[in-house]
Each structure stands twice: as C-alpha cells, then as structure tokens.
Amino acid sequence: MGSIVLFGPPGAGKGTQAQRIMEHTGLPQVSTGDMLRAAVKAGTQVGLEAKRYMDEGALVPDEVILALIEERIQEPDAVDGVMFDGFPRTVPQAEALSELADISHVLAIEVPDERIVERICGRLTCGTCGTVFHDTFNPVPADGCSCGQFEEKRRVDDNEETVLNRLDAYHRQTSPLAAWYLERGLFHRVDGDRDIAAITADLLALLE
Ligand code: AMP
C-alpha cells in the first residue's frame, strides 16, 4: 500500500476517520489544516500568510501548501506512506502530489451539503490528545476524554458564515479532483452520513 488521500467536504469526518484508520494501518495522518493551524499559533511567516485565507474560509495558495507537504513527507515516519487529510484540495496540488508520493487509494467520504453546517458548528476536539467530538453526534463522555485530561477546543473557522465559504471553495476548487482521481482508477466513495464505526468499517474494507 502507498499513501492514502482522505477526500470530502469540510465536516465530512476526515479527521475522525484518519485517527481510526491510523490505529489499523499505522500510517501517520498528515493534515494540512492542522499544520497550518500550528503555523498560525507559532506565528511563523507561513502562519501569518495563511491566516487571512483560513479566517475567510478560502483556500491557502497552492505553493504555500506544497512547500509544507514537501517538507513533511521527508520526515522518517513518512517512508512507508501517509494518510493525507484535507490535501490535495486543487487539481494543481494533486498534480504536484503525483510527483512526490505514490497514492494507492483516494477515499471519498460523502456527506450532503445540508448536513455540513450542523456537523461543523457542533464540532470540538480535546486540546490535550486531539480526539474529535461533536456536541450532538459524538459527545464527550460524561467522565471526560479517554486521555484523562479533557480540554475543550473549538476552531475559530467553525462558524456558520465561514462554513458556507469553505463549502463553496470545496465545490468550486476541490470537487473537480474527484473526476481527476476517477480517471486514474484511484477513487472510492463511502456514505459518510452514518454511524462513525460503520464508515470506518467500509473504509478499512476498501483498503484490504
Ligand atoms: P481543514 O482543517 O482541512 O478544514 O483546513 C482549514 C483551512 O486551512 C481551510 O479552510 C483552508 O483555508 C486551509 N487549508 C487546509 N488545507 C489546505 C489545502 N490543501 N489547500 C488550501 N488550503 C488549505
């Protein structure tokens, strides 16, 4: 198996499924969104440039993203492949990626638009361990997160206005990638509007 791309609209559950697939395959999750948020927090040049796009729900320019990815996939844990989450998001990013890594599966998690806003607006993570939760669909257990040190964290861009822009960017810039990967025989779809465990089972079956 090479690297995997987790594909889908914002709020489809890519990060949630990446964590679960990682437990089975050992492939590290490479989330460009997480990398950018870390850069913003650290106040680096990349973070300063990326922040204005992220705050609006627009895509960060391809060259910024590709520089991050090129560096990340040279890390020792990436030698046997990685699981890309939220990357590639444009056809030029996919073209560049095809020169950098061997992609064996593109797994599309499909969720209808009308479900996205409620999924994103109730989303939170544990700031200590990164586990993803949702106020309604995947609540934090009464005794807290399994890491034992639950710290509630919500993304600044998980608000209704920004979500609509992110969804628009997805339809205009990212969804054309489906046809691009379909032509290359790499594209597989799962229904993402179901139970978390059922989706994981389907994704793992596709990887077998
Ligand atoms: P995410 O965590 O994947 O939802 O990404 C959060 C934000 O980071 C997006 O709304 C974009 O502004 C930016 N971003 C993340 N990944 C990419 C990418 N591959 N290309 C362009 N912008 C990205």
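In each ligand, atom 1 is the first atom listed, and ligand 1 is the first ligand listed.
- Proximity of a side-chain donor or acceptor of Thr128 to a complementary backbone N or O of Phe150 within less than 3.5 Å is not detected.
- Comment: Arg154 engages Glu152 in a salt bridge, judged by a side-chain N to carboxylate O separation of less than 4.0 angstrom.
- Heavy-atom distances between Ala58 and ligand 1 reach below 4.0 Å in at least one pair.
- Under a 4.0 Å N-O distance rule, the pair Asp34/Arg155 does not qualify as a salt bridge.
- Here's the thing with Asp34: none of its N/O atoms is less than 3.5 angstrom from an N/O atom of ligand 1.
- With respect to Arg52 and Asp55, no salt bridge is recorded, no charged nitrogen being found less than 4.0 Å from a carboxylate O.
- At least one heavy atom of Arg37 sits less than 4.0 Å from an atom of ligand 1.
- Arg155 NH2, 3.4 Å is the protein heavy atom nearest to atom 6 (C) of ligand 1.
- Looking at Arg194 and Asp202, a side-chain N of the basic residue comes within less than 4.0 Å of a carboxylate O on the acidic one, giving a salt bridge.
- A cation-pi arrangement is not found for Arg189 relative to Phe7, the charged atom failing to lie both closer than 6.0 Å to the ring centre and inside a 45° cone about the ring normal.
- Which parts of ligand 1 touch Gly86 is read off a 4.0 Å heavy-atom cut-off, strictly below it: atoms 16 (N), 17 (C), 18 (C), 19 (N).
- The shortest N or O to N or O distance between Asp157 and ligand 1 is not under 3.5 Å.
- Closest of all the heavy-atom pairs between Val91 and Leu177 is CA-CD2, 3.9 Å.
- With ligand atoms numbered from 1 in the order given, ligand 1 contributes 18 (C), 19 (N), 20 (N), 21 (C) to contacts under 4.0 Å with heavy atoms of Gln93.
- Close approach of ligand 1 to Arg166 is summarised as follows: ligand atoms under 4.0 Å from at least one heavy atom of the residue are 4 (O), 10 (O).
- Every N/O-N/O distance between Ile65 and ligand 1 stays at or above 3.5 Å.
- Distances from ligand 1 to the non-hydrogen atoms of Glu56 include no value under 4.0 Å.
- Between Arg89 and ligand 1, an N or O atom pair is found at a separation short of 3.5 Å.
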*salt bridge (charged side-chain N to carboxylate O under 4.0 Å, His left out) evaluation trace for Asp135 with Arg119*: CA-CA 9 Å; Asp135 291 327; Arg119 286 174 69 125; over 6 Å; no
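- With hydrogens left out, the protein atom closest to atom 16 (N) of ligand 1 is Thr32 OG1, 2.8 Å, a heavy atom.
- Residue Leu36 touches ligand 1 through its side chain alone, judged by heavy-atom distances below 4.0 Å.
- Lys14 and Asp85 are not joined by a salt bridge, as no carboxylate oxygen comes within less than 4.0 angstrom of a charged side-chain nitrogen.
- Geometrically, ligand 1 and Val60 share a nitrogen or oxygen pair separated by less than 3.5 Å.
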